[in-house]
Amino acid sequence: MYPKKVEKLLPKVQKPGRYVGGELNSTVKEKSEVEVRFAFCFPDTYEIGMSHLGIKILYGAINERPYFWCERVFAPWVDMEEKMKEENIPLYALESGDPVEDFDFIGFTLQYELSYTNVLNMLKLAGIPLKSADRKELFHIVVGGGPCACNPEPLADFFDLFFLGDGEEVDVEVMELYRRCKREGKSKADFLELAAQVEGVYVPSLYDVAYNGDGTVQSYTPKNGAPATVKKRVINDMDHAYYPDSFPVPMIDVIFNRISEEVLRGCIRGCRFCQAGFIYRPFREKSVDTIDAQCRAWCDSTGYDEISLASLSTSDYSELIELLDRLHLWTEKEKVSISLPSLRVDGFSPELMERINSVRKSGLTFAPEAGSQRMRNVINKNVTEEELLHTVNVAFTEGWNRIKLYFMIGLPTETPDDVLAILQLGQKVVDAFYSNPDRPKGKGVEVSLSTAAFVPKPFTPFQWFGQDTMDTLHEKQKALKGNIPTKRMSVSYHGAQTSFLEAVFARGDRKLCAVLEKAAEQNFRFDGWDECFDFDKWMKLFEDCGIDPAFYANRERSFDEVFPWDHLDYGIRKEFLQRECERAYRAETTPNCREKCSNCGASCYKGGLCVEKRENMV
């Protein structure tokens, strides 16, 4: 298993269970029978990585092939990193204990921009050259996927290729190609040129970028036969897509210590700030039979007693009541609970409440996103104040007395009155509790308002907007904190500084590679953690590289500007996004995909809800 030298370190670090492996259901193979090894690297701690559904799916899909072996690698926390450096222990995989430098593929899931320094730090800890150009052999192929792959340009110098879209099939397909190239003695360049022909694969070294005099992108030019645009990969039939029936069960507490069952992929809503709602289109559901069978298999193989029905919006699953009734046929008897983590205000019916009444009444969470109706129209939330108050009254009647509401500040066209409307809406929820004759007796209400700073993201109608400056965000946060109307309400918010950095890398280009390289030299890591994040050091880094970060984060962009991600095709037409942006300026809403097809472009994949709505398509 793990290196012997590691044993001596374990008593000296927090949570040694992060570093030992050996969990139930982990896959261990005979190395002599394996042709291609894949190190699945999650650029954060074990507890966060082991809670992520994507790693579970790809781990199983790769290991299903007898000649492939996928192992897990997590970022060591700072105490363990220091000890590993002292003892000259390289980054290693949990299943075999072998160093990551022994692996053919080093794959990273890119879930959020502030993990980029962890990616480079893990490569450093593994002793692998950071830049793709410095890894010349057909070995140490560094690959990435996940939501941040929709604009991978700030990482372009470091990765050999990126997977765009659904990864279950394309990851394995590229590994098969690598296996063949390895047998035939082809070069790394040969492999990358062949990989670029696979749908869903982006090889950044095969694209030259030119810039205008003002620093904006002029063009991307493909070479060596690479396609002009790279189309994301989509799996239309979710019932027959690969899904594991087991996964390593962590031996320490992780963030989500339960089964996560994906019930659908995509979203019908079209909230204009939400990147996931656009890049995961088209909307595709699993059948009740498939979900039921997969939940049974996971419970049998892991011993978990809680199932979380996961998706971007579980209440949009068309057969949710039937699904809950089916699951209750066996979950109640086996004392397995069911949670619905992503419910919409307008999808919380008494009928649904009846099905989840066994859930512990610790609190309910909803996301109005904005306090005023005008702002909810701007972002296309399509939720009214009346719907929210009706929903919380249903919850209060059924015994809940703790409500958490998520909002954003800094949204496009937002005014000071829109910010204060967040508090006013919270007060109305408090008042609704005390006006409800059927509320829980002997209890007070607790309403928590959580606010995040808006970050403009690629492939959304708000990709043209500049983020509020940090000074403006701080003023809005101060206004919220200073005007709380009741002790029954609390307000929390995420830092403006980390949101600023997130916006820089979300909308950045290849010039940012130089900044990340210097960050790696100076041992930046865990920037998503308050303990490690140092904003002043980041600003000094940008200054040393001659780069103005506000150019990426705060600058409003014109409709004719070429984006660093325009050569990547996620099926959502830029013309559609522009149209939605213009509607946002007018505070006009757009119907959801079930009500009316908006011709976003996702019909090109010929699957999911787009097929059902094809009579409305161009």
Surrounding NZ of K131 (heavy atoms of other residues, nucleotides or ligands, distance under 6.0 Å), is the total greater than 12?
no

Apply salt bridge (Lys or Arg N to Asp or Glu O under 4.0 Å) to K15 and E47, showing your working.
CA-CA 10 Å; K15 301 185 180 180; E47 297 95 302; 2.9 Å; yes

Measure from NZ or CZ of R555 to the centre of the six-membered ring of F551, then state whether that distance is under 6.0 Å and the direction lies within 45° of the axis.
yes

Centre-to-centre under 6.0 Å for Y207 and Y220, is that the case here?
no

If you count the non-hydrogen atoms of other residues, nucleotides and ligands that lie under 6.0 Å from CG in D530, is the total more than 12?
no

Provide the full list of salt bridge (Lys or Arg N to Asp or Glu O under 4.0 Å) pairs with a residue in residues 494-503, sequence neighbours left out, each pair given once.
K457-E502

With rounding to the nearest 0.5 angstrom, report the CD1 to CD distance, I572 to E575.
12.0 Å

Minimum side-chain heavy-atom gap F407-S450 below 4.5 Å
no

Here the pair of heavy atoms bringing P90 nearest to M84 is O-CE, 3.5 Å

Within the 4.5 Å heavy-atom criterion, are F465 and C581 side-chain neighbours or not?
yes

Nearest 0.5 Å, what's the CG-NZ distance between D79 and K83?
8.5 Å

Do the non-hydrogen side-chain atoms of T413 and M375 ever get within less than 4.5 Å of each other?
yes

Are T589 and R376 close enough that a side-chain donor and a side-chain acceptor fall under 3.5 Å?
no

Assess whether side chain to side chain donor-acceptor pair (under 3.5 Å) is satisfied between Y552 and D509, documenting all intermediate values.
CA-CA 9 Å; Y552 299 110; D509 53 36; 2.8 Å; yes

Between P282 and V234 the two heavy atoms that sit nearest each other are CD-CG1, 4.1 Å

D566 side chain vs F563 backbone, donor-acceptor pair below 3.5 Å:
yes

Measure the spacing between CG of D527 and OG1 of T498 and express it to the nearest 0.5 Å.
10.0 Å

Can a donor-acceptor pair be found, under 3.5 Å and without considering hydrogens, that links the side chain of D534 to the backbone of D536?
yes

The residue among Q373, K381, R374 that forms side-chain hydrogen bond (donor to acceptor under 3.5 Å, both in side chains) with N377 is Q373

Intermediate values then yes/no, salt bridge (Lys or Arg N to Asp or Glu O under 4.0 Å), D544 and K540
CA-CA 6 Å; D544 291 345; K540 179 66 166 60; 2.9 Å; yes

Tell me if a side-chain donor or acceptor on Y280 pairs with a main-chain N or O of L312 at a distance below 3.5 Å.
no

Counting distance only, does the side-chain N/O of S448 pair as donor-acceptor with the main-chain N or O of K404 below 3.5 Å?
no

Are a donor atom and an acceptor atom from the side chains of D471 and T469 found within less than 3.5 Å of each other?
no

With ring centroids as reference points, do W538 and F500 lie under 6.0 angstrom apart?
no

Do D418 and S372 get their side chains close enough for a donor-acceptor pair, meaning under 3.5 Å?
yes

Are F454 and F273, when compared by the centres of their aromatic rings, separated by less than 6.0 Å?
no

I'd like to know if the side chain of Q467 reaches the main chain of S499, judged simply by a donor and an acceptor atom lying under 3.5 Å from each other, with no hydrogens or angles considered.
yes

Flag the pair D160 and K188 as a salt bridge only when some basic side-chain nitrogen lies within less than 4.0 angstrom of an acidic carboxylate oxygen.
yes

Determine the minimum heavy-atom distance between Y19 and Y92, stating which atoms define it.
O-OH, 2.8 Å

Atom CZ in R586, atom CD in E582: separation rounded to 0.5 Å?
6.5 Å

To the closest 0.5 Å, what do you measure between SG (C70) and CZ (F103)?
8.5 Å

Between H567 and Y202, how do the two ring planes meet: parallel, tilted or perpendicular, split at 30° and 60°?
perpendicular

Going by atom types alone, do T415 and D417 pair a side-chain donor with an acceptor below 3.5 Å?
no

Working note: D157 + R510, criterion salt bridge (Lys or Arg N to Asp or Glu O under 4.0 Å); need CA distance, chi angles, decisive distance, verdict.
CA-CA 8 Å; D157 288 354; R510 291 192 186 186; 5.4 Å; no

Under 3.5 Å, side chain of Q463 to main-chain N/O of P456, donor-acceptor pair present?
no

Given the side-chain rings of F526 and W77, with only the six-membered ring counted for Trp, is the space between their centroids under 6.0 Å?
yes

Pairing of R233 and E168 as salt bridge, 4.0 angstrom limit
no

Is there a donor-acceptor contact under 3.5 Å linking the side chains of T117 and N121?
no

Does N483 use its side chain to pair, donor to acceptor, with the backbone of A479 at less than 3.5 Å?
yes

Measure the acute angle between the ring planes of F74 and Y46, then classify it against the limits of 30° and 60° as parallel, tilted or perpendicular.
perpendicular

Go through K476 and D468 one step at a time and tell me if the salt bridge (Lys or Arg N to Asp or Glu O under 4.0 Å) criterion holds.
CA-CA 10 Å; K476 292 177 177 181; D468 268 359; 2.6 Å; yes

Atom CD of E81 and atom CE of M122: how far apart are they, to the nearest 0.5 Å?
10.5 Å

Ring centroids only, cut at 6.0 angstrom: are W565 and Y570 within range, meaning strictly under it?
no

Are any non-hydrogen side-chain atoms of V73 and E71 less than 4.5 angstrom apart?
no

Examine the side chains of R272 and T590 and answer whether a donor and an acceptor come within less than 3.5 Å of each other.
yes

Does atom NZ (K537) have a neighbourhood of more than 12 heavy atoms from anything else shown, all under 6.0 Å?
no

Expected output: side-chain Q578 to main-chain K574 donor-acceptor under 3.5 Å
no

Any non-hydrogen side-chain atom of L516 less than 4.5 Å from a side-chain atom of F158?
yes

With sequence neighbours left out, what residues match N554 under side-chain hydrogen bond (donor to acceptor under 3.5 Å, both in side chains)?
none

Is any side-chain heavy atom of H52 closer than 4.5 Å to a side-chain heavy atom of T109?
yes

For the side chain of R281 and the backbone of G277, is there at least one donor-acceptor N/O pair under 3.5 Å apart?
yes

Non-neighbouring partners of K518 that pass salt bridge (charged side-chain N to carboxylate O under 4.0 Å, His left out), sequence neighbours left out:
none

Could you verify whether a donor N or O on one side chain and an acceptor N or O on the other, from H140 and E101, lie under 3.5 Å apart?
no

With no hydrogens and no angle check, is any side-chain donor or acceptor of N380 less than 3.5 Å from a backbone partner on C271?
no

Any heavy-atom pair between the side chains of M489 and L449 that's under 4.5 Å?
yes

Between S311 and E262, is any pair of side-chain heavy atoms under 4.5 Å apart?
no

Where V504 and P549 come nearest, the two heavy atoms and their spacing
CG2-O, 3.5 Å

